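Okay, structure first, notes after.
As the structure is a prediction and not an experimental result, all values here were calculated from the model. Order of the sequence lines fixes the chain letters, A, B, ..., with proteins taken first and strands second; residue numbering starts at 1 for each chain.
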2 protein chains.
Amino acid sequence: MLELAVLGLLQASPLHGYELRQRLKATLGTFRAFSYGSLYPTLRGMKEAGWLCEDDGNAEVVAGAPPLTGRRGKVVYKLTAEGKERFQELLAEAGPTSWEDETFGVHFAFFGQTDPEVRVRILEGRRSRLEERRESVRTTLARTRSRLDRYTLQLQEHGLESVEREVRWLTELIETERRTAPPAASHPPPNHPRERGAP
Amino acid sequence: MLELAVLGLLQASPLHGYELRQRLKATLGTFRAFSYGSLYPTLRGMKEAGWLCEDDGNAEVVAGAPPLTGRRGKVVYKLTAEGKERFQELLAEAGPTSWEDETFGVHFAFFGQTDPEVRVRILEGRRSRLEERRESVRTTLARTRSRLDRYTLQLQEHGLESVEREVRWLTELIETERRTAPPAASHPPPNHPRERGAP
DNA sequence: ACCGCGATGTATCGCGGCGATACATCGTCG
DNA sequence: CGACGATGTATCGCCGCGATACATCGCGGT
């Protein structure tokens, strides 16, 4: 999750933690925050896993004193070959993991590097996920509407409208995708995203 | 958080875990899920804290066999006096804790039992929280728009619109509140004239 | 008469992530 | 020259999620 985001950003250029976090905010916007409390441990984990390593800007020219004379300097991370592979691997993934609430935004943010077919699959998966939720809310709402007070009702309806709005958004995006990249010949592979089983 | 939600629901009527979870879904809608993985531990914690206790529906009539012959039966929880106090205490709270993302929905769901003044405060707090975020997104968006690819941009803008929409919603709610309960002339944030009892 | 299956029901575990916190350095403005 | 805010690295405790396990009940199918 954070792992994917980090891979995505570092794949563009090496960065240190702080900067990475700024980019995270700028890239994901309102969708996720990602505090340092998650970032640094993740970074360490990824380093241990071999996806990334420290980048010293290839051995300082003046051995004595780069801007950071004293103690702990910036730690710049960059992807290893394995890290790049890993990123591609995650990008290609189009299962429930890629369209759940917390994950979808991150995947979407890197759609630019994602295979067009995978894009559509994820968008459709996300949409049906939301449609499920919408139906569920609608039915329970219909069932309990009379028993709800003003505020609870308001909350339900606002939530419902949010979901509906997002579904509309996704539908538009899907249409654009289809228009831009017309389906391959007779069988457009992403036929029925309605699958809740094995990854 | 979950604590508040549980207090609110049990305050209406005693319930067991499973039913509690259903109500949670029905009450909070799309807003929070709350899995059993949080519910049961919370329930235990609250029991230990003395907010709630088990309710045996006052000693079964037929000692031998109620529907549940065998082993573990349903565990019905109800609020203690302290629990009710605690609920009131939490309801009266109108600080950052009550209008952050995760918390606001829960507070809102129990607005029916909340003091009108507190309601407005929370709604306004929530709104300015969102306005902050909106401005932050707007500026970083203006600053980086040119560097963003199609998808990232789309994500930013969708997020921005979501925030704007929620701000509009809140504004409407605040207006309604003011219209319905007009008494207090303007709104002095720190201290309000209507003080009861001793501070 | 039996079985299976989905709803009801209680409970735990690992882990991902958040917010608060601590600390150190840098640039800049009064 | 000293205070302050941005930059920068790092940890800790807590919350809540998703998966999982297990048990019982009521129902419809064969």
### Query
Whole-Å distance between C:dT10 C1' and B:L15 CG?
15 Å

### Message
Please confirm whether the shortest side-chain N or O distance from A:Y36 to OP1 or OP2 of D:dA10 is below 4.0 Å.
### Response
no

### Task
Return the 5'-most residue of the pair B:Y77, B:Q22 with respect to DNA chain C, ranking by each residue's nearest nucleotide.
B:Q22

### Summary
d(B:L148 CG, B:E157 CD) to nearest 0.5 Å is 9.5 Å

### Query
Where the side chain of A:V75 is concerned, which of C:dG9, C:dA11, D:dT9 is the nearest nucleotide?
D:dT9

### Distance, rounded to the nearest Å, where A:K74 contributes NZ and D:dT9 contributes P
8 Å

### Message
I want to verify a distance call: between D:dT9, D:dT11, C:dG17, whose nearest atom is closest to the A:R32 side chain?
### Response
C:dG17

### Message
Measuring from the side chain of A:M1 (C-beta onward, heavy atoms only), which nucleotide among D:dC17, C:dG17, C:dG9 has the closest atom?
### Response
C:dG17

### Query
Can you find a side chain N or O atom of A:R44 that sits less than 4.0 Å from OP1 or OP2 on D:dT11?
yes

### Message
Using a heavy-atom cut-off of 4.0 Å across all strands, would you classify A:L2 as base, sugar-phosphate, or nothing?
### Response
sugar-phosphate

### Query
Could B:E19 and B:K74 be called an ion pair, given the rule that one side-chain N must be under 4.0 Å from one carboxylate O?
no

### Aromatic ring pairing A:F111/B:Y151, orientation class (parallel under 30°, perpendicular over 60°, tilted between)
perpendicular

#### Entry: Separation of D:dT11 P from A:L39 CG (nearest whole Å)
12 Å

### Query
Rounded to the nearest Å, what distance is computed from the CD atom of residue A:E54 to the C1' atom of nucleotide D:dT9?
12 Å

## Note on the structure
Taken to the nearest whole Å, CD/A:E102 to P/C:dC15 is 17 Å

## Note on the structure
Side-chain contact check for B:F34: nearest option of C:dT12, D:dG8, D:dG16 is D:dG16

### Summary
In whole angstroms, the gap separating C1' of D:dT11 from CG of A:L43 amounts to 14 Å

### Atom pair distance, as rounded to whole Å: NZ in B:K25 and P in D:dG18
11 Å

#### Entry: A:R147 and A:T152: CA distance, side-chain angles, deciding distance, side chain to side chain donor-acceptor pair (under 3.5 Å) verdict
CA-CA 10 Å; A:R147 281 192 293 274; A:T152 318; over 6 Å; no

### Query
With respect to the side chain of B:S38, which nucleotide from D:dC17, D:dA10, C:dA7 is positioned closest?
D:dC17

### Query
Can you tell me how far C1' of D:dC15 sits from CE of B:M46, to the nearest Å?
15 Å

### Query
Using a cut-off of 4.0 Å on non-hydrogen atoms, how would the nucleic acid contact of B:G17 be classed: base, sugar-phosphate, or nothing?
sugar-phosphate

#### Entry: B:S35 side-chain proximity, nearest of C:dG9, C:dC18, D:dG18
D:dG18

### Task
Please state whether the rings of A:F108 and A:W169 are parallel, tilted or perpendicular, taking 30° and 60° as the class boundaries.
tilted

